[in-house]
Amino acid sequence: MIIPDIREEFNGKVAVVTGGGSGIGRAIAQRYAAAGGKVVVVGRREEPLVETVRLITEAGGAANYISCDVRDAQGLAEAINGVVEREGRIDALVNNAAGNFIANGEDLSPNGWKAVIDIVLNGTFFATHAAAQHMLAAGTGSILNVIATYAWHGHPGTVHSAAAKGGIVAMTRTLAVEWAARGVRVNCIAPGPTETEGASAALWGNETARAKVLDGVPAGRFASPAEIAESASYLLSPRADYVTGEVMVVDGGQWLGKSVYTKEETKA
Ligand code: HXC
């Protein structure tokens, strides 16, 4: 296999990124466009999407946006069909849109459960279903689902999000096998604590919280959105053509936990 020049590996290709108006979604969109691809960012609020498009076009890339709530299956299908009508193709789909809040299981209302399951699990399936119609017909495509390691180890206070992300892992593995012989790959990326505006404000908004999070990360630092986007772009690219049904954890070793012993303590 000839490895393409990664500076141009998405030339002539088209990606749809849900939740592309901020954080990791925006960084993935920027990375895809920087390697020559055209990106369509999808999200509920227009303003951040416009900003992503501005950042990409000012950097010389190609981008557009569509306002759509991923809970709206029909709206999402129309958006994705529209991309294919205009651009003639869809090569990549990144299911990054998410919704989350902290609530213990016993305090979570059925509506709160449903809101997060609808955005995260159902939204991922709706977009995947719509994009797959075109990708399977073309015999090529790459779908990447953004999850979290608590999909398998759980996370007190976010049973709705953990259940949704766990469902996405099962969905990924199932569809990866269904579609492997038809040229469509489906993978997940599980970022660790990443320095985005949203996460920084909601999850580690003060120095005590930051120190506590960092204490659980063997790498001793947060990820930058660009670092997560770098791994995402690998999974989306032809360099990963034989990778499907996989979960790539990009978390500085967080979920494996810190070593019980420090280097000093293990010295004889
Ligand atoms: C308890 C809450 C709540 C809260 C909402 N609800 N927020 N319950 N605590 N903080 C309940 C409401 O009371 C309501 O139930 C139900 O959830 C729906 O609320 P709405 O506000 O009507 O929903 P909606 O406007 O659709 O908003 C969806 C949302 C919201 C998920 C609740 O937070 C959202 O859209 N967030 C998008 C951005 C986001 O959260 N991004 C974070 C992703 S980060 P009742 O019973 O009252 O009707 C992530 C990964 C983290 O997921 C990784 C960490 C390492």
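Remember, it's 1-based here, ligands and their atoms both numbered in the order they're listed.
A donor and an acceptor atom, one from each side chain of Thr128 and Asn95, are located under 3.5 Å apart.
Contact annotation: the side chain of Arg210 approaches that of Glu195 to within less than 4.5 Å [non-hydrogen atoms, C-beta and beyond].
With sequence neighbours left out, Thr57 forms a side chain to side chain donor-acceptor pair (under 3.5 Å) with no residue at all. With sequence neighbours left out, Trp113 forms a ring-ring contact (aromatic ring centres under 6.0 Å, His included) with no residue at all.
The pair Arg26-Glu197 fails the salt-bridge criterion, with no side-chain N (NZ, NE, NH1 or NH2) lying under 4.0 Å from an Asp/Glu carboxylate O.
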Could you list each nitrogen or oxygen of ligand 1 that sits under 3.5 Å from a protein nitrogen or oxygen, with the atom names and the distance?
| residue | atom | partner | partner atom | Å |
| --- | --- | --- | --- | --- |
| ligand 1 | 15 (O) | Ser109 | OG | 3.2 |
| ligand 1 | 26 (O) | Arg71 | NH1 | 2.7 |
| ligand 1 | 26 (O) | Arg71 | NH2 | 3.0 |
| ligand 1 | 35 (O) | Arg44 | NH2 | 2.5 |
| ligand 1 | 40 (O) | Asn100 | N | 2.9 |
| ligand 1 | 40 (O) | Asn100 | O | 3.3 |
| ligand 1 | 46 (O) | Ser109 | OG | 2.6 |
| ligand 1 | 48 (O) | Asn111 | ND2 | 2.9 |
| ligand 1 | 52 (O) | Asn100 | ND2 | 3.3 |

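For residues 40-49, every residue pair satisfying the side-chain hydrogen bond (donor to acceptor under 3.5 Å, both in side chains) rule, not counting sequence neighbours, is listed here: Glu46-Tyr65.
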